[in-house]
Amino acid sequence: MPTSSTRRAPCKVKRSPIHGNGVFATRDIEAGERIIEYTGRRIDWAEALRRTAASNGPVNHTFYFSLADGKVIDGGDQGNDARWINHACGPNCEAYEDEGRVFIHALRHIEAGEELNYNYALVYDERHTPKVKQAFACLCGTPECQGTMLAPKKRKSRAAGR
């Protein structure tokens, strides 16, 4: 039986039919298995917005991963292969934060060669107009596809307004 030091890496980056690069299983991965840590430089949101503006890049195409403490992991700055994991509305993985670190775990058994994905559930505070939804369009193609990578907006309770 291979040891953890000789066991093959569980995933690798290659071109994705969903979008650009993707991360694919190099071996079977069992449900619940920790696959990879999402790494990168830790910054605050002000710095994330400054970086996005300085690069003239769209806010909807970054490698930012929000943390519970309000910080952000910038996977584009000293990050690893996890930054290439694509979104899917019916994902096979989930991201867990554990003491300020983010790990990607398998939600179910994943076959070798299968693309890894998780639901980004992006929070966007402004109105979800058709233009915004198009900017955050989902291309996952799963039966559960919602057409957007945005998390549903929380609806205000009618009772709260009374």
Side-chain angles (χ1 to χ4, degrees), residues 9-26 29 33-107 110 114-157 160:
C11 56
K12 70 176 180 179
V13 175
K14 62 183 193 177
R15 295 301 293 170
S16 167
I18 296 174
H19 180 261
N21 289 322
V23 178
F24 294 78
T26 57
I29 298 171
E33 184 177 335
R34 180 181 284 179
I35 302 168
I36 190 170
E37 181 176 1
Y38 193 100
T39 62
R41 187 178 303 272
R42 292 173 187 280
I43 57 176
D44 59 29
W45 267 112
E47 175 63 11
L49 293 173
R50 188 200 66 71
R51 288 179 180 199
T52 301
S55 71
N56 291 319
V59 149
N60 62 323
H61 187 72
T62 65
F63 296 116
Y64 299 150
F65 201 109
S66 299
L67 299 172
D69 67 2
K71 296 281 187 183
V72 177
I73 296 174
D74 182 353
D77 184 353
Q78 300 178 7
N80 63 355
D81 290 350
R83 71 179 180 248
W84 300 112
I85 298 174
N86 281 313
H87 163 88
C89 298
N92 56 17
C93 295
E94 187 169 29
Y96 287 98
E97 184 177 343
D98 184 15
E99 297 183 12
R101 296 171 68 189
V102 174
F103 299 95
I104 310 301
H105 292 257
L107 285 172
I110 300 170
E114 190 176 343
E115 184 168 2
L116 307 180
N117 47 62
Y118 59 91
N119 189 327
Y120 291 179
L122 299 173
V123 175
Y124 187 80
D125 293 331
E126 306 302 319
R127 264 187 81 229
H128 290 191
T129 64
K131 185 176 180 179
V132 167
K133 287 180 181 178
Q134 180 58 38
F136 291 94
C138 176
L139 306 172
C140 75
T142 65
E144 302 88 350
C145 187
Q146 300 293 306
T148 182
M149 295 181 284
L150 296 171
K153 289 196 66 99
K154 292 184 180 178
R155 296 181 186 241
K156 294 181 181 174
S157 167

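- The line from SG of C89 to CE of M149 is 9.0 Å long, rounded to the nearest 0.5 Å.
- When side chains are defined from C-beta on, N117 counts as touching N92, because their heavy atoms get closer than 4.5 Å.
- Rounded to the nearest 0.5 angstrom, E33 CD and C93 SG are separated by 10.0 Å.
- Considering only heavy atoms from C-beta on, N21 comes within 4.5 Å of R15 through its side chain.
- Note: I110 CD1 to E115 CD = 11.0 Å, rounded to the nearest 0.5 Å.
- Here the side chain of Q146 pairs a donor or acceptor atom with the backbone of E144 at under 3.5 angstrom.
- Within the 4.5 Å cutoff, no side-chain heavy atoms of R41 are placed close to those of E47.
- For E97 (side chain) and A68 (main-chain N/O), a donor-acceptor pair under 3.5 Å exists by modelled atom type.
- Proximity of R42 to L67: side-chain heavy atoms (C-beta onward) are separated by under 4.5 Å at one or more points.
- Taking all atoms of both residues into account, the shortest heavy-atom contact from A82 to E37 is CB-O, 3.6 Å.
- A donor-acceptor contact shorter than 3.5 Å is absent between the side chain of D74 and the backbone of G40.
- One distance of note links OG of S16 with CG of L116; it measures 10.5 Å at 0.5 Å rounding.
- Closest approach of I35 and A106 over heavy atoms only: CD1-N, 3.8 Å.
- Side chain of D98 to main chain of F103: no donor-acceptor pair is present (N/O by atom type, distance under 3.5 Å, no hydrogens or angles).
- A donor-acceptor pair is defined here as one N or O able to donate and one able to accept, closer than 3.5 Å; such a pair exists between the side chain of N86 and the backbone of H19.
- Counting heavy atoms from C-beta outward, E94 and I104 have side chains that stay 4.5 Å or more apart.
- Using cut-offs of 30° and 60° for the angle between ring planes, the F65 and Y118 rings count as tilted.
- For the pair R51/D77, a side-chain contact is recorded, criterion being any heavy-atom separation below 4.5 Å from C-beta on.
- Once rounded to the nearest 0.5 Å, the distance linking CG of D44 with CG of D69 reads 10.5 Å.
- Taking the six-membered ring for Trp and thresholds of 30 and 60 degrees, F63 and W84 have ring planes more than 60 degrees apart, a perpendicular arrangement.
- The backbone N or O of A48 sits less than 3.5 Å from a side-chain atom of Y64, completing a donor-acceptor pair.
- Side-chain contact check for L150 versus V132: some heavy-atom pair is nearer than 4.5 Å.
- Put simply, the side chain of C11 reaches to within 4.5 Å of the side chain of I36, judged on heavy atoms.
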